[in-house]
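Read through the structure below, which is laid out as structure tokens, and then see the notes.
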Amino acid sequence: RALIEVRGLTKVYRPRRSTPTIALDNVALSVEEGEFVALVGPSGCGKTTMLKILAGLVPTFDGHVSLGGHPVSGPSSDVGVVFQQPTLLPWRTILENIMIPIEVQRLDKGAGLDRAHQLMDTVGLAGFGDKYPKELSGGMQQRAGICRALIHDPKVLLMDEPFGALDAMTREFMNEELQRIWLTSGKTVVFVTHSIPEAAFLADRVVVMTPRPGRIAEVVDVDLSRP
Ligand code: ADP
Ligand code: ADP
């Protein structure tokens, strides 16, 4: 059975002083355990809305959305989320930021620290744990955000254009790191991007959304010949 199951999902934003927007219109999607799905489409087609709903960050919507057989009704410890902009707390060091999920979920601190250092090594942040976010480049902050999303070993990783703000070279490096993390950890990943090449490089399956009103146009299975 699918790990992520979406059926008849409709989301209408109703701002108080303007006309409502249909962000998602009767969308269906299922994601198998261990799959890497890229969600692509032009700006405004509802990608972020879909990801936020999967992350449990949208309180109201119509339709069925479940994760591991349970309806999504709020943020879950089974999920790690990375947004386009780094969202590190400025008054905490890089290591203290990465450790947040361990504290919030009251997991073992020693094991968490080991894992934090291992993750920082993986993404090229070894030795930067004691720095503060503003002392690091945007790319490095984004990498720290990825470590934070992975520290509690969530089943599902949701990423919203995580490398959108990076220069081309860093972006390529991060794509390769992300692919390595995915290949070795067996996580289920939903990755929002507007880059078709990026989607084709990373994903098993590319879900293409139409400009509006928030429908899925087609689902493409990428022929994988991973090394
Ligand atoms: P994408 O991530 O593909 O750019 P979004 O999910 O951000 O698309 O947005 C889908 C549509 O919903 C857009 O028309 C956007 O303007 C609208 N929208 C998104 N968030 C809000 C909000 N908080 N209030 C009102 N409209 C919104
Ligand atoms: P990114 O491409 O990740 O945005 P930059 O291009 O700004 O990073 O920097 C490239 C490299 O320079 C980084 O990977 C890091 O090794 C080093 N670097 C960047 N900022 C700092 C800093 N504040 N202190 C030490 N080294 C840094």
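In each ligand, atom 1 is the first atom listed, and ligand 1 is the first ligand listed. Basis for what follows: all heavy atoms, side chains included, without hydrogens, waters or symmetry-related copies.
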- Task: Take atom 16 (O) of ligand 1 and look for protein heavy atoms under 4.0 Å from it; say yes if you find one, no if not.
- Result: no

- So between Lys47, Lys11, Glu161, whose heavy atom ends up nearest atom 3 (O) of ligand 1? Lys47

- Is Thr49 touching ligand 1 with its side chain, its backbone, both, or neither, if touching means heavy atoms under 4.0 Å apart? both

- Query: Within the side chain of Arg115, is there an N or O that forms a donor-acceptor pair under 3.5 Å with the backbone of Ile151?
  - Reply: yes

- Item | Protein heavy-atom partner closest to atom 14 (O) of ligand 1 - residue, atom, separation in Å | Thr21 CG2, 3.4 Å

- Heavy atom of the protein closest to atom 11 (C) of ligand 1 (residue, atom name, distance): Gly44 O, 3.6 Å

- N/O donor-acceptor pair under 3.5 Å between His70 side chain and Ser66 backbone: no

- Message: Parallel, tilted or perpendicular: which one describes the rings of Trp182 and Phe36, with boundaries at 30° and 60°?
- Response: perpendicular

- Task: Step by step, work out the side chain to side chain donor-acceptor pair (under 3.5 Å) result for His64 and Glu5.
- Result: CA-CA 8 Å; His64 171 86; Glu5 193 72 67; over 6 Å; no

- Of all the non-hydrogen atoms in the protein, which one sits nearest to atom 7 (O) of ligand 1, and at what distance? Thr48 CB, 3.7 Å

- Message: Quick check against the 3.5 Å criterion: does Lys47 have a side-chain atom that pairs as donor or acceptor with the backbone of Pro42?
- Response: yes

- Non-hydrogen protein atom less than 4.0 angstrom from atom 21 (C) of ligand 1: yes

- Task: Heavy-atom contacts with Ser43 under 4.0 Å: which atoms of ligand 1 show up? List them by number with element.
- Result: 4 (O)

- Specify the protein heavy atom at minimum distance from atom 8 (O) of ligand 1: its residue, its atom name, and the distance to 0.1 Å. Gly46 N, 3.0 Å

- Query: Is Gly41 in contact with ligand 1, taking contact as a heavy-atom separation below 4.0 Å?
  - Reply: no

- Message: Using a 4.0 Å cut-off to any heavy atom of Cys45, which atoms of ligand 1 qualify?
- Response: 1 (P), 3 (O), 8 (O)

- Query: Would you call Lys11 and Asp62 a salt bridge, using N to O less than 4.0 angstrom?
  - Reply: no

- Query: Looking only at atom types and distance, does a side-chain atom of Glu35 sit under 3.5 Å from a main-chain N or O of Glu32, one as donor and one as acceptor?
  - Reply: yes

- What atoms of ligand 1 come within less than 4.0 Å of a heavy atom belonging to Ala23? 10 (C), 11 (C), 12 (O)

- Query: Going by the order shown, which atoms of ligand 1 are within less than 4.0 Å of some heavy atom of Pro42?
  - Reply: 3 (O)

- Task: Starting from atom 19 (C) of ligand 1, locate the nearest protein heavy atom and write down its residue, its atom name and how far away it is, to 0.1 Å.
- Result: Tyr13 CE1, 3.3 Å

- Query: Does Phe201 belong to the same Ile/Leu/Val/Met/Phe/Trp/Tyr cluster as Leu178, with side-chain heavy atoms less than 4.5 Å apart forming each link?
  - Reply: yes

- Is Lys155 atom NZ crowded by more than 12 heavy atoms from other residues, nucleotides or ligands, each under 6.0 Å away? no

